[in-house]
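Below, each value reflects all heavy atoms present in this structure, side chains not excepted, and no hydrogens, waters or symmetry copies. All of these numbers come straight from a predicted model, not from anything done at the bench.
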Amino acid sequence: GTGAISSLSAAASLAFGTVDIAASGGVTQNLTLTNTGGMPLNISSMTITGDPTPNFTFAFTGCTNGQSCGPLSALAASPGPGNTLTITLRCDPTTIGAKTGTLNIVSDDPMSPRTVNLTCTGATPDIQIAGPPLADFGSQRINTPSSTTRTFTISNPTGTTTSSLTYNVTEASPHFSIACSAPGCSGTLTPGATAVTVTVSFRPTATGPLTGTINVASNDVDMASINVTVTGTGVEPLIALTAPAPVTPPTVGGALTFPDTNVGATSAPQTITIQNTGSMTLTISSVINTNTADFNLVGPTTMSIAPSGTSSWTVSCDPNSQGLSTGTIQIANDSNNDTSVDLALSCNGVRGNIVVTSATPFAYTQPTNTIDFGTTFLNQSKMTTVTISNNGNRAVNISSITSAPAAQGFTIGAASAMAVAPGGSITLPITFMPTLNTQGAAVVTLATDWNTLAFNVVGDGVDSGVVIMKGSG
């Protein structure tokens, strides 16, 4: 007959490639064992030698770990079926660098033992952070984003012992935010891949020095967590009304109340003062006086006020009519607490003012401001009673009543009173008794502590029995 033997065939080497030393369970590879002989093949044992760490172990059913295994079930004679067996091995290094070992297979193959060279390279990600320390953002108004940003990059450069980098970028501060280029703020970078750019923005929600921490977590065993610090200062303009005292401190409204002021006169000025109690420049965009007819505002209408700085205006009352005058000073600004500081103005315009309201029986003619006694015989008299009223809101004291020129036949009687209450009136008798034909034209003047009242009195003195008709030629 023909003699037959068993014969084991397997790859001479098994390469696992680059293995991340931090990867759980390392990397596995399959190895196929084939019986190419005409007799069944019995494998009595398998061992891994030359690797005391160990980096290489068995990883298949019946041999789940360790570096020795066997015996195994017989492989049928070629061509089968059942003449092959696939086994699994693992490379799980704990340090970087090249790793080697030898798989020894002992069987009844006349050429036993057969050997297979095992190789892998222990590797780790090499995270690189470029950019820090990041420049301070400086001062930024709260609740507004900065016009500038800060950036840093995350990379995983190519290397013989470099594996893929898995990373995650987070930032917990409410004052800073981040955005990341592809593949995003969480992802994987293969060795030599394009770096991730992390862009940091600043939008403070509080005043004062602020600090944020951006954390970059990764699978780099040497730098598993890296913190990047960002800083900036939150600022804001704040306005405070310091004069007059605000209704509700420190800013809500104020009022200027002026003493009674004569119509046509000007009161003593009062001062408005504001202060920037914030931490950035305060801008005053307008200062408006809503009643320019009765109040005078003096001061700038636009300005910038540095922190702790102040600005002032003066206001005076200049009433054009009697009674209560009101207005408002409105200070528009860009503060964070009161964008319009409003101050109420009030002033009582006062005056006393006497006028002729009537005369009887010889009437007062208003357009010409005249009382006409008409034709009167010489040495005979006519009398009229003049009513003088005070249409002001203050009493009028009459200091003198005169008629000029004096030699015109007019006599001023005693007034019913020399003080006229607001809304009140007095009477004044006036008599015309000419002694000469040339008499008959005078001005009656009442001097007071307020206004001066003057009106005309006229008449025609004629001889007895001779009446000159006006307009008869």
Side-chain angles (χ1 to χ4, degrees), residues 18-25 96 122-159 161-238 276-283 306-307 334-337 339:
T18 300
V19 181
D20 189 342
I21 63 174
S24 177
I96 63 173
T124 186
D126 183 19
I127 188 169
Q128 299 290 320
I129 305 291
L134 302 184
D136 183 81
F137 275 93
S139 296
Q140 179 64 34
R141 182 169 182 154
I142 64 172
N143 299 317
T144 61
S146 60
S147 59
T148 60
T149 58
R150 304 291 182 264
T151 61
F152 65 91
T153 60
I154 304 170
S155 62
N156 186 29
T158 302
T161 59
T162 302
S163 59
S164 293
L165 172 72
T166 301
Y167 67 92
N168 184 45
V169 186
T170 57
E171 202 291 312
S173 168
H175 313 295
F176 301 91
S177 61
I178 58 174
C180 304
S181 63
C185 289
S186 181
T188 300
L189 292 178
T190 58
T194 301
V196 174
T197 298
V198 180
T199 301
V200 186
S201 300
F202 182 41
R203 185 180 184 274
T205 60
T207 57
L210 303 170
T211 300
T213 300
I214 301 169
N215 178 257
V216 183
S218 75
N219 61 339
D220 186 329
V221 294
D222 294 326
M223 303 180 72
S225 181
I226 301 172
N227 289 329
V228 177
T229 300
V230 287
T231 59
T233 302
V235 295
E236 64 177 342
L238 296 173
N276 179 4
T277 57
S279 49
M280 68 174 290
T281 298
L282 172 71
T283 299
D334 68 345
S335 70
N336 271 12
N337 59 327
T339 56

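- Side-chain contact between Arg141 and Asp334 is present, with heavy atoms from C-beta onward closer than 4.5 Å.
- Between Pro307 and Met280 the shortest heavy-atom distance is CG-N, 3.6 Å.
- Note that OG1 of Thr166 and CG of Asp20 are 8.0 Å apart. Values are rounded to the nearest 0.5 Å.
- Residues Pro157 and Gln128 are in side-chain contact: their nearest non-hydrogen atoms beyond the backbone lie under 4.5 Å apart.
- With hydrogens and angles ignored, the 3.5 Å screen pairs a side-chain donor or acceptor of Asn156 with a backbone N or O of Asp126.
- To the nearest 0.5 Å, atom OH of residue Tyr167 and atom OG1 of residue Thr188 are 7.5 Å apart.
- Residues that satisfy the side chain to side chain donor-acceptor pair (under 3.5 Å) test with Thr231, not counting sequence neighbours, are Asp136.
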Audit row: Thr124, Thr161, side chain to side chain contact (heavy atoms under 4.5 Å, CB included) steps and yes/no: CA-CA 6 Å; Thr124 186; Thr161 59; 6.0 Å; no
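- Below 30°, between 30° and 60°, or above 60°: for Phe137 and Phe202 the angle between ring planes is between 30° and 60°, a tilted geometry.
- Under 3.5 Å, the side chains of Ser225 and Asn215 contain a donor-acceptor pair of N or O atoms.
- Closest of all the heavy-atom pairs between Leu189 and Pro183 is CD2-CD, 4.1 Å.
- Between Val196 and Gly184, the shortest heavy-atom distance links the atoms CG1-O, 3.9 Å.
- Side-chain atoms of Ser279 come within 3.5 Å of backbone atoms of Glu236 as a donor-acceptor pair (strictly under, hydrogens ignored).
- Residues Thr18 and Ala123 share a closest heavy-atom pair of CG2-CB, 3.2 Å.
- Contact of the Leu165 side chain with the Ile154 side chain is registered, since non-hydrogen atoms from C-beta on lie closer than 4.5 Å.
- With values rounded to the nearest 0.5 angstrom, Leu238 atom CG is found 7.0 Å from Asn276 atom CG.
- The line from OG1 of Thr207 to CG of Asn336 is 9.5 Å long, rounded to the nearest 0.5 Å.
- Inter-residue side-chain proximity for Phe176 and Thr213 is flagged as unmet; no heavy-atom pair is nearer than 4.5 Å.
- Here OG1 of Thr229 is found 8.5 Å from CG of Leu134. Values are rounded to the nearest 0.5 Å.
- Nearest approach of Thr153 to Ala195, heavy atoms of both residues: CB-CB, 4.2 Å.
- A donor-acceptor pair under 3.5 Å is formed between the side chain of Ser181 and the backbone N or O of Thr197.
- Two residues are said to be in side-chain contact when any heavy atoms from C-beta on lie closer than 4.5 Å; Val230 and Thr211 fail this criterion.
- Of all non-hydrogen atoms in Ala179 and Cys185, the two that sit nearest each other are C-SG, 4.1 Å.
- Separating the CZ atom in Arg203 from the CG atom in Leu210 is a distance of 13.0 Å, to the nearest 0.5 Å.
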